[in-house]
Amino acid sequence: MIHTGERVKRERWKSNFSEWFSGILRSADIMETRYPVKGLFVWLPYGLKLRNHVFAIMRELLERSGHQEVLFPQLIPENIFKKEAEHIRGFEEQVYWVTHGGKDKLDVKLALRPTSETSIYPMFALWIRSHADLPIKIYQIVNIFRYETKMTKPMIRLREVTTFKEAHTAHAKPEEAEAQVREAVHIYKRFFDELGVPYVVTKRPRWDTFAGAEYSLAFDTLAPDGRTLQIGTAHNLGQNFAKVYELKYEAPNGKHHYVYQACYGVSERVIAAVMMAHGDDVGLCLPPNVAPIQVVIVPIPFKGREVPVEQIATAIKNELAAAGLRVHLDERDLRPGNKFYYWERRGVPLRLEVGPEDVKKEQVTVVRRDTGEKQAIAKGALKTKVKQLLEEITGDIRKRAWKSFHESVKDASDTETIKRVIEKRGGIARMPWCGGKACGKALEEQTGGDLLGEEFDGKTPSGACPICSKRAKVSVLIARTY
RNA sequence: GGGGUCGUGGGGUAGCCUGGUCUAUCCUGCCGGCUUUGGGAGCCGGUGACUCGAGUUCGAAUCUCGGCGACCCCA
């Protein structure tokens with residue numbers, strides 16, 4: 001219980017994550033999950049605010065690094081969509097098609113974009129003339145459709161991903177595309193760090209590379225149930241799409257060359273990652289920078305003394321709002337204890353209580369959502385202290401999330417150990433690997449896990465591949481995945 | 001891809017096997033009133049449901065088939 005000043009337990013959060021997650025979506029007013037079409041869900045006002053704050057951080061990071069926002073149509077004509085053969089092989093099972101306009105059958109079917117390479121790159125062909133047009137760095141935040149046949153889950157496996165940030169770039173030189181992938185990784189690290197969401201970066205094995213890419217890097221975080229969740233990807237596309245969509249530029253010497261490309265994406269899965277990273281059995285604990293409400297004020301009125309309490313609460317609200325904080329005064333006619341649980345479920349990082357005792361002593365009682373710690377603060381110091389506490393919470397929940405993440409990544413040198421690591425409530429196993437596909441597949445089969453890929457910028461391991469016993473080339477990460 | 005379980009007010013459920021006073025139980029939520037307010041108070045009143053379609057039957061929440069949806073296991 002929070003009122004004892006102790007941290008809230010994380011038993012249900014861990015042992016029954018699925019139930020915890022769907023329960024909290026409703027009880028914290030994040031999403032309505034009863035929309036009558038499989039895999040489609042409704043963002044509620046509070047959840048949407050959270051989503052918007054999260055993606056505002058992404059926008060800021062992209063704009064600061066020279067990306068420009070665009071907005072492309074959602075429909076892609078079949079003939080253009082199907083140009084890149086490998087890309088299509090990767091997606092055709094998952095595409096929704098628009099086949100009719102009213103009662104008329106369309107001459108050319110229209111795909112509801114499952115991702116936007118094939119709608120964006122034909123336009124690149126029109127825009128790219130000379131080397132001076134390069135690089136192009138654009139992004140959009142849009143919905144995409146994928147016909148998922150497996151079990152769907154809000155935010156995690158959707159038929160309509162409502163929130164998909166995809167960036168697409170074109171460059172003159174291969175090393176520029178390579179550098180762009182690195183920049184994407186850098187941006188995503190900053191992004192997830194801002195949210196306190198821990199991650200590993202891996203280079204996906206060749207058989208799990210994005211359809212049409214040279215190679216794919218991916219960010220994975222860990223759900224409380226020990227399974228990994230892919231929360232970001234960055235692909236080096238080389239010239240694969242450039243050759244299909246005729247993306248050529250004229251070099252200073254008058255020669256024409258295909259461009260080199262990168263693309264990288266993050267979806268609303270990141271919201272699930274934020275929720276799970278900092279949640280507990282009571283509910284959410286949102287990072288202050290994305291919390292729709294950063295500070296909630298709960299007045300504690302006593303009969304006959306309501307007036308001063310309410311006046312002071314309102315004054316505090318105005319003071320904090322003027323200081324740029326998202327603050328809410330809960331004036332509902334409910335008992336305080338009820339309100340405490342209500343706002344804790346919704347993850348509001350700081351709660352202020354103003355009661356008769358506080359009025360008498362010219363103080364405010366402040367309670368941290370993450371630790372339950374309760375303290376009295378002199379009214380004069382409130383603004384400064386609140387800001388300071390919010391920063392402390394940001395840092396502390398990030399550290400705490402990383403700590404539990406690190407505890408879940410374990411070294412292994414044989415398949416039995418891997419199995420133990422990734423089994424129930426497990427985590428991620430780190431393994432030496434020869435890099436061969438046959439061994440990779442065998443590892444997956446023998447352990448029941450999925451190969452995330454080789455650690456990006458990881459050290460060369462000293463051990464041997466557990467399957468073929470050859471000297472390992474890379475460290476590979478294995479886990480059960482979402 | 002294969003197999004299984006399930007669907008009752010806003011949420012969680014009882015009832016179903018053995019069809020009939022089911023006018024559908026309880027908890028919670030929500031609305032109104034009284035009262036209370038430093039960790040989910042209490043009392044009174046109110047609101048609100050058998051997933052959809054077809055079938056069997058005198059009669060279906062209950063039995064059969066199908067759709068839609070949810071969840072679980074295996075590959």
Side-chain angles (χ1 to χ4, degrees), chain A residues 1-9 12 15-42 44 93-94 147-160 225 227 280-283 296-310 312-313 316 329-346 348 350-361 363-369 371-377 419 423-424 441-450 480-482:
Chain A
M1 298 298 274
I2 287 188
H3 62 271
T4 61
E6 285 166 24
R7 286 210 174 153
V8 179
K9 296 270 190 305
R12 210 170 83 88
S15 67
N16 211 337
F17 168 66
S18 206
E19 195 181 87
W20 177 89
F21 185 67
S22 55
I24 214 66
L25 285 174
R26 183 186 23 254
S27 64
D29 289 328
I30 304 296
M31 279 196 138
E32 168 60 74
T33 58
R34 294 166 299 182
Y35 193 78
V37 181
K38 181 180 168 70
L40 311 195
F41 305 95
V42 179
L44 294 173
E93 297 293 311
Q94 296 196 301
Y147 181 71
E148 294 285 352
T149 52
K150 292 188 178 180
M151 201 200 304
T152 54
K153 206 179 188 65
M155 294 183 199
I156 290 175
R157 178 165 288 114
L158 301 159
R159 286 188 168 178
E160 179 185 5
D225 62 4
R227 298 163 82 173
D280 59 34
D281 285 357
V282 167
V296 66
I297 304 168
V298 178
I300 318 284
F302 271 94
K303 199 170 176 59
R305 286 192 276 185
E306 295 91 340
V307 178
V309 164
E310 264 162 36
I312 290 166
I316 289 171
L329 171 59
D330 187 351
E331 295 179 288
R332 292 175 301 167
D333 185 22
L334 296 172
R335 292 169 68 107
N338 199 330
K339 294 181 184 178
F340 296 166
Y341 279 100
Y342 182 91
W343 294 111
E344 280 160 5
R345 233 179 294 136
R346 284 162 179 73
V348 175
L350 264 191
R351 178 178 78 241
L352 306 188
E353 300 172 22
V354 184
E357 278 302 297
D358 302 298
V359 173
K360 198 163 34 175
K361 296 181 184 166
Q363 65 177 30
V364 177
T365 301
V366 181
V367 185
R368 286 175 61 151
R369 171 64 178 89
T371 59
E373 187 193 340
K374 194 177 245 193
Q375 54 184 295
I377 291 172
K419 267 166 98 168
E423 239 165 35
K424 300 200 182 329
K441 286 288 181 192
L443 271 174
E444 289 185 335
E445 246 169 63
Q446 290 180 24
T447 62
D450 290 315
R480 285 161 62 236
T481 60
Y482 264 103

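In the text below, chain A, chain B and the rest are named by the order of the sequence lines, each starting its count at 1. Every heavy atom of this structure was used, including side-chain atoms; hydrogens, water molecules and symmetry mates were not.
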- Message: Any strand counts, and the cut-off is 3.5 Å on both contacts for Watson-Crick or G-U wobble. Which nucleotide pairs with B:C63?
- Response: B:G55
- Message: What is the separation between atom CG on A:Asp330 and atom C1' on B:G38, rounded to the nearest whole Å?
- Response: 15 Å
- Message: Partner lookup for B:G32, please. Criteria are Watson-Crick or G-U wobble with both distances under 3.5 angstrom; report none if nothing qualifies.
- Response: B:C44
- Item | pi-stack flag for A:Phe340 and B:G39, centroid dist under 5.5 Å, interplanar under 30° | no
- Task: Please determine if a side-chain N or O atom of A:Lys38 lies less than 4.0 Å away from the OP1 or OP2 oxygen of B:A70.
- Result: yes
- Task: Could you tell me whether the phosphate oxygens of B:G11, OP1 or OP2, come under 4.0 Å of any side-chain nitrogen or oxygen in A:Arg34?
- Result: yes
- A:Glu344 (side chain) and B:G40 (base): donor-acceptor pair under 3.5 Å: no
- Between B:G29 atom C1' and A:Leu334 atom CG, what is the distance in whole Å? 12 Å
- Task: Take A:Ile24 and A:Ile30 through the test side-chain contact (heavy atoms from CB on, under 4.5 Å) and record every step on the way to the result.
- Result: CA-CA 8 Å; A:Ile24 214 66; A:Ile30 304 296; 5.7 Å; no
- Item | side-chain contact (heavy atoms from CB on, under 4.5 Å) partner of A:Lys339, the single match among A:Arg351, A:Glu344, A:Glu331, A:Arg332 | A:Arg332
- Message: Could you check whether A:Arg480 pairs with A:Asp450 (Lys NZ or Arg NE/NH1/NH2 to Asp/Glu carboxylate O, under 4.0 Å)?
- Response: no
- Message: Given B:G38, B:C72, B:U36, identify the nucleotide with an atom nearest to the side chain of A:Ser18.
- Response: B:C72
- Item | Basic-acidic side-chain contact under 4.0 Å: A:Arg34, A:Glu32 | yes
- Query: So which one's nearest nucleotide on RNA chain B is more toward 5', A:Gly39 or A:Val354?
  - Reply: A:Val354
- B:C6 to B:U51 separation - P atoms, rounded to the nearest Å: 14 Å
- Task: Whole angstrom is fine here: how far is it from CD in A:Glu357 over to P in B:G39?
- Result: 13 Å
- Sticking with atom C1', work out how far B:U62 lies from B:C43, rounded to a whole angstrom. 37 Å
- Item | Under-4.0 Å side-chain N/O to phosphate OP1/OP2 contact, A:Thr152 with B:A70 | yes
- Task: Begin with the C-alpha distance, continue with both residues' side-chain angles, and end with the deciding distance and a verdict on salt bridge (charged side-chain N to carboxylate O under 4.0 Å, His left out) for A:Arg369 and A:Asp280.
- Result: CA-CA 10 Å; A:Arg369 171 64 178 89; A:Asp280 59 34; 2.8 Å; yes
- Between B:U57 and B:C71 - C1' atom distance, rounded Å: 33 Å
- Under 4.0 Å between any heavy atoms, over every strand shown, what does A:Arg345 touch: base, sugar-phosphate, or nothing? Just pick one. base
- Task: Take atom OH of A:Tyr35 and atom P of B:G69, then tell me their distance rounded to the nearest Å.
- Result: 12 Å
- Message: Both A:Thr149 and A:Tyr342 contact RNA chain B. Which one's nearest nucleotide lies toward the 5' end?
- Response: A:Thr149
- Item | Selection from B:G39, B:G38, B:U37 that lies nearest to any side-chain heavy atom of A:Thr365 | B:G38
- Between B:U28 and B:G42, how far is it from one P atom to the other, in whole Å? 8 Å
- Hunt down the Watson-Crick or G-U wobble partner of B:A70, both distances under 3.5 Å, from any strand shown, or write none. B:U5
- Is any side-chain N or O of A:Asn338 under 3.5 Å from a base N or O of B:G39, one able to act as donor and the other as acceptor? no
- Query: What integer distance in Å separates A:Ile300:CD1 from B:U36:C1'?
  - Reply: 13 Å
- In whole Å, what separates the C1' atom of B:U47 from that of B:C68? 29 Å
- Using the P atom as the reference point in each nucleotide, state the distance between B:A24 and B:A49 in Å, no decimals. 10 Å
- Over how many whole Å does the gap from A:Met151 atom CE to B:C73 atom P extend? 7 Å
- Task: Write down the partner of B:A24 under the Watson-Crick or G-U wobble criteria, each distance required to be under 3.5 Å.
- Result: none
- Query: Can you tell me if A:Lys153 and A:Ser22 form a side-chain donor-acceptor pair at under 3.5 Å?
  - Reply: no
- Query: Are any of the side-chain heavy atoms of A:Val367 and A:Glu353 separated by less than 4.5 Å?
  - Reply: yes
- A:Lys150 NZ to B:A75 P, straight-line distance once rounded to whole Å: 12 Å
- Message: Expressed as a whole number of angstroms, how long is the span from A:Leu158:CG to B:A70:C1'?
- Response: 16 Å
- Could you work out the separation of B:C50 and B:U23 based on their C1' atoms and round it to a whole Å? 14 Å
- Query: Would you say a side-chain N or O of A:Arg335 is under 4.0 Å from OP1 or OP2 of B:G40?
  - Reply: no
- Task: Using the P atom on both, measure B:G12 against B:A54 and round to a whole Å.
- Result: 27 Å
